[in-house]
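Data block below; observations after.
Since the model is a prediction, treat every value here as computed from it, not as a measurement.
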Amino acid sequence: MDLLEGRRSREDVDDWAAPWATLDDLPEIDDELVWDTLGWLFGCAMPDPSRPHNNGYLFGEVDFRAWLEEFDAAVARGE
């Protein structure tokens with residue numbers, strides 16, 4: 001939500017998620033939704049100059065909203 005509302009930059013969010021997505025010695029997380037979400041957040045600052053509509057990033061606001069909707073739907077289904 002902070003990413004969508006501009007309270008945190010995509011770089012801040014990406015940096016926060018990076019250790020969870022890249023380190024080997026983290027505690028085990030068995031929740032697939034948590035891993036999916038961390039993967040989305042870890043990639044949110046990936047540059048792609050060919051996408052000017054996303055300000056030069058691979059992912060943009062439309063993607064962030066879709067991720068949030070998918071997360072909320074999975075939580076509602078009890079996944």
Side-chain angles (χ1 to χ4, degrees):
M1 201 59 147
D2 285 353
L3 179 60
L4 279 171
E5 294 178 359
R7 289 190 298 261
R8 293 191 64 180
S9 73
R10 66 176 71 228
E11 289 78 14
D12 286 344
V13 171
D14 185 83
D15 289 345
W16 175 86
W20 295 101
T22 60
L23 296 179
D24 294 331
D25 61 346
L26 291 170
E28 282 191 38
I29 299 175
D30 295 329
D31 190 323
E32 189 173 327
L33 180 59
V34 170
W35 277 118
D36 289 346
T37 303
L38 287 169
W40 296 331
L41 296 176
F42 177 50
C44 72
M46 195 176 311
D48 185 348
S50 70
R51 300 183 69 124
H53 61 284
N54 285 341
N55 296 320
Y57 290 98
L58 181 60
F59 303 107
E61 185 176 332
V62 171
D63 302 295
F64 304 153
R65 289 194 188 286
W67 298 343
L68 183 58
E69 288 173 14
E70 188 171 334
F71 178 86
D72 287 344
V75 169
R77 291 189 303 269
E79 295 179 6

Handout entry: Residues in salt bridge (charged side-chain N to carboxylate O under 4.0 Å, His left out) contact with Glu70, at least two apart in sequence or another chain
Key = none

Exercise for the section: Please report the closest heavy-atom contact between Asn54 and Phe59, naming both atoms and the distance. Expected result: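 So the two residues come closest at ND2-C, 3.7 Å.
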
Completion exercise
What one should report as the nearest heavy-atom pair of Arg51 and Leu58 is NE-O, 3.4 Å

Practice task
Could you tell me whether a side-chain N or O of Asp63 sits under 3.5 Å from a main-chain N or O of Gly60, the two making a donor and an acceptor?
Solution key: yes

Problem - Test: Arg65 and Glu61 ion pair at under 4.0 Å - result: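 Yes, this pair counts.
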
Problem - Path from Val62 to Leu3 over hydrophobic side-chain contacts below 4.5 Å - result: no

Handout entry: Cluster overlap Phe64 with Trp16, hydrophobic side-chain contacts below 4.5 Å
Key = yes

Check residues 39-50 and write down every donor-acceptor pair under 3.5 Å in which the side-chain atom is one partner and the other belongs to a residue at least two apart or another chain.
residue, atom, partner, partner atom, Å
Asp48, OD1, Ser50, N, 3.1
Asp48, OD1, Ser50, OG, 2.5

Exercise for the section: Hey, could you give me the CZ/CG distance between Phe71 and Leu33, rounded to the nearest 0.5 Å? Expected result: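 Phe71 atom CZ to Leu33 atom CG measures 5.0 Å (nearest 0.5 Å).
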
Handout entry: Rounded distance [0.5 Å steps], CG in Asp15 versus CZ in Arg10
Key = 13.0 Å

